[in-house]
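Beneath this line is the structure, given in structure tokens, with notes to follow.
Just so you know, these numbers come straight off a predicted model, no measurement behind them. Numbers here simply count residues along the sequence, with the first being 1. Just follow the structure's listing: the first ligand is 1, and inside any ligand the first atom is 1.
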Amino acid sequence: MGSRDLVTRVARAAGLCALAALALGAAGCTNSGANEQSADVVRGKQLFVEKCGACHTLQRAGTKGTTGPNLDDAFHIARVERWGDASIRGVVYAQILYPGAGLVMPAKLVEGRDAEDVAAYVGAVAGKPGKDGGLLATAVKQAGGGTPAVEKSGRLSIAVDPGGQLKYVTDTATAAPGRVEIAMPNTTSVGHDLVIEGNGVKFQTPIVANGVAKGSGVLQAGDYVFYCSVPGHRQAGMEGKLTVK
Ligand code: HEC
């Protein structure tokens, strides 16, 4: 995005903060001094990963979503022009509350204090190279390392990471040859599916959010992969190996 674009956004953010303050009956503006001190960036990082990361890449948060703009790129020019964290924070806060009608990003995925914490975290790290330190370094546990999924009585269940990371809870599964019913529980609001592919066979579930996606197919002995076919999700880490024997 161009810097002019961002300037417009910050001006808009300043106006919206005043509005937000009125609406919340409190100091809703993240540009105001008092709140700035008290924002909890550790919680902000956790919420960002859970609620925003499936759609946005943010290097320091370890998220790789591609549905929305890469937030490091979005604020790169702002950093070059030496904008403070608070300005970026104000833009992010306004975006969370008022993303714009008819667009892809849902409004108020986080609200109140949560929105302030997320905005404070993004304001502190977007467009900055390097790694998070201190408490931020351990704020989010990397998903995907769970115990392998094992087929039982013709059923194989592989859940989506409930914490919002673009991962299934495990990247390893095993099954016996034969017909298998697959299930993909997904407690997040971001849609995913489960594709099983290998040995000339491919079958999958529909894309489901907030529910359990189901499908079925026939497996022969051999090696398969499983992954999410929503654009960008497999590349971000939603894949694993299924061994049939
Ligand atoms: C469902 C996907 C999705 C989720 C979840 C999501 N966003 Fe977005 N976001 C987008 C898209 C797409 C855009 C571009 C504008 C649009 O089409 O809505 C965007 C735009 C933005 C922008 C403006 C970037 C720019 O270049 O102008 C910011 C900042 C932002 N999002 C922050 C967040 C934060 C913080 C959260 C979590 C509270 C979040 N987003 C959750 C999809 C998402």
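The closest heavy-atom contact to atom 1 (C) of ligand 1, among the options Cys55, Ser189, Gly44, Pro106, comes from Cys55.
Formation of a donor-acceptor pair under 3.5 Å by the Lys45 side chain with backbone atoms of Leu136 is found in this model.
Within the 4.0 Å heavy-atom criterion, both parts of Met105, backbone and side chain, lie near ligand 1. The side chain of Leu71, and not its backbone, has at least one atom closer than 4.0 Å to an atom of ligand 1 (non-hydrogen atoms only; side chain from C-beta on). The parts of Val104 lying near ligand 1 are both backbone and side chain, judged by heavy-atom distances below 4.0 Å. Counting heavy atoms under 4.0 Å from ligand 1, residue Val190 does not touch it at all.
For ligand 1 and Val110, the ligand atoms under 4.0 Å from any heavy atom of the residue are 38 (C). Taking a cut-off of under 4.0 Å to the non-hydrogen atoms of Val118, the atoms of ligand 1 that pass are 35 (C). Applying the 4.0 Å criterion to heavy atoms of Ile96 picks out, from ligand 1, the atoms 35 (C). For ligand 1, the atoms sitting less than 4.0 Å from at least one non-hydrogen atom of Thr67 are 12 (C), numbered in the order shown with element in parentheses. In summary, the atoms of ligand 1 found under 4.0 Å from a heavy atom of Ala74, numbered by their order in the structure, are 26 (O).
At a cut-off of 2.8 Å, His56 coordinates atom 8 (Fe) of ligand 1 through an N, O or S atom.
Between atom OG of residue Ser229 and atom NZ of residue Lys202 there is a gap of 7.0 Å, rounded to the nearest 0.5 Å. For the atom pair OG1 of Thr188 and CD of Gln165, the computed distance is 11.5 Å after rounding to the nearest 0.5 Å.
Of all non-hydrogen atoms in Leu71 and Ala126, the two that sit nearest each other are O-CB, 3.8 Å.
Residues satisfying the side chain to side chain contact (heavy atoms under 4.5 Å, CB included) test with Ala149, not counting sequence neighbours, are Leu156, Ile158, Thr170, Ala173.
No more than 12 heavy-atom neighbours from other residues, nucleotides or ligands sit within 6.0 angstrom of NZ on Lys214.
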